[in-house]
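These notes are about the structure you will find just below.
Order of the sequence lines fixes the chain letters, A, B, ..., with proteins taken first and strands second; residue numbering starts at 1 for each chain.
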Amino acid sequence: MLNADDITALILTLQVACIATVCLLLLGTPMAWWLVRTTSRWKRVINTLVALPLVLPPSVLGFYLLILMSPTGIIGQLSVALGLGTLPFTFGGLIVASVLYSLPFVVQPLQTAFAAIGERPLEVAATLRASPLDTFFSVVMPLTRHGFMTATVLGFAHTVGEFGVVLMVGGNIPNQTRVVSIQIYNHVEAMEYAQAHWLAACLLIFSFVVLLLLYGINPKPGR
Amino acid sequence: MFSIKLIRLLLILSAFITTKTVLAESVLVAVAANFTKPMEEIAAEFTKETRHQVGLSFGASGKFVAQIENGAPFQVFLSADEQKPKKLIDSQFAVAGTQFTYSLGRLVLWSAKPDFIDQQGKVLSFGNFKHLAIADPKLAPYGEAAMTVLKKLGLEERIKPLLVLGENITQTQQFISTGNAELGFIAVSQVIKDGKIAEGSGWIVPSDFYAPIRQDAVLLKNGATHPAALALLDFLKTAKAQAIIEKYGYGLAVKP
């Protein structure tokens, strides 16, 4: 059965995934909107950067994060200057890493959804004197709710399944950075296969249910 | 024709490859990550002397056990501890009677910063640091040894909130060398070069502070009758190999 450490890891994983998903939506929505509307020549570069975590092995991402967030790294110097201390081995650091790692899973569905509504609804809203912000909240968001749903579920699920990056920057601290995927890995390493099975089964069922819900809500992906 | 040339080239190449396997066998070895550097040198010497080829795979010992039990094609296993080879013998994946200690691991308290660590390890009691990295004591013998040292110094309670755990000692060193942890316990072999600590500062922990870290090798079922595998295990006990092992900061075990 699950022991106390396993349950702590489960709760921590859900906390990380929830907070990271909120951050991802706050960051990803304006980003996706800009990427769809802009004609800037930087568009291609930004698009590529957002997609990079899809291609890069998590070990590469984790390794760079470990260096950048160290006391001599750029992010590390910034976070120390802001009085936050260094980020590796902390809950905050895990959130930063998760947001970077899951960014394409949130930005790309939103981008597709925003592109799919076309110019027409925006033009109609403008003729009705709706402000851009009002247009976004009362026209764009309802029209793209499926896109938001997909982005939320994918961002959340992908963060839950995160392993390589956490292994590199986490430091395996209970209640701070020891998430489920790490705990399972440790059980396997310690040859506690029964424990590993229990926790792995929890994660498997969870993932299955989340994806099932996703396909139930959203039979036509992309919108 | 181009394609005929290509086929001829491939035939010649494959002839080369086959002659090589006729002349010498090749052996696949699973090696605990901490033994990477000495093993590379030992394997090179071994190939020079016997013409047997050696394929080396480095990683965590626990992972190797899981892989070996599930059909991984290794013939020799160099573990970071003595329990895992024993477990493989018990589960019939290794040959009984072939297990021996090829080296003794030595522990160092190390920091990437020069002058951070004194020669008595007093920094542990009085130093100003936020993170101390060790390998996970549950998984790695070096981590277990580190905990023993902290207990022996009566510092377990003070240090516990500052601990960060690497999955193995290679990762633990990464935490320290990137400066994310100010100091930590790793293997002497990771920081030694030409008999002294090459970078940063360190305290080589006296061996009576912790139980000996015996690193054992064992012949796996896959290699039971394999000439190169048997030769390699014998080679590990030669004076030549032992000299390399010592050069990399390991203690020598009494010969079996």
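In this structure, Phe89(A) and Asn180(B) approach most closely via the heavy-atom pair CE1-O, 3.4 Å. Taking all atoms of both residues into account, the shortest heavy-atom contact from Ala66(B) to Tyr193(A) is CB-OH, 3.3 Å. The two residues His131(B) and Pro88(A) come nearest to each other via the heavy atoms NE2-O, 4.4 Å. Smallest separation of non-hydrogen atoms from Gln174(B) and Met168(A): OE1-CE, 3.7 Å. For the pair Ile67(A) and Thr178(B), the tightest heavy-atom approach, listed with the atom from each and the gap, is CG1-CG2, 4.2 Å.
Crowding of Glu144(B) atom CD: a count of heavy atoms from other residues, nucleotides or ligands under 6.0 Å not exceeding 12. The local environment of NZ in Lys160(B) is sparse, with at most 12 non-hydrogen atoms from other residues, nucleotides or ligands closer than 6.0 Å. Asp208(B) CG: more than 12 foreign heavy atoms inside a 6.0 Å radius. At most 12 heavy atoms of other shown residues, nucleotides or ligands fall within 6.0 angstrom of atom CZ in Phe63(A). Within 6.0 Å of CG in Asp115(B) there are 12 or fewer heavy atoms belonging to other residues, nucleotides or ligands. For Ile74(A), the CD1 atom sits in a loose shell: 12 or fewer heavy atoms of surrounding residues, nucleotides or ligands are nearer than 6.0 Å. Heavy-atom neighbours of Lys86(B) NZ from other residues, nucleotides or ligands within 6.0 Å: at or below the threshold of 12. Around CD of Glu41(B), the count of heavy atoms belonging to other residues, nucleotides or ligands within 6.0 Å exceeds 12.
Proximity to chain B (any heavy atom under 4.5 Å) is restricted, for Glu192(A), to the side chain, taken from C-beta onward. Proximity to chain B involves both the backbone and the side chain of Leu167(A), based on heavy atoms less than 4.5 angstrom apart.
Going from atom CG of Leu139(B) over to atom OH of Tyr185(A) covers 8.0 Å, rounded to the nearest 0.5 Å. The CD atom of Gln171(B) lies 8.5 Å from the CG atom of Asn172(A); values are rounded to the nearest 0.5 Å. A distance of 7.5 Å separates CD of Glu182(B) from OG1 of Thr86(A), quoted to the nearest 0.5 Å.
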Chi angles and distances behind the side-chain contact (heavy atoms from CB on, under 4.5 Å) call for Leu165(B), Arg178(A): CA-CA 10 Å; Leu165(B) 307 182; Arg178(A) 187 183 289 165; 3.9 Å; yes
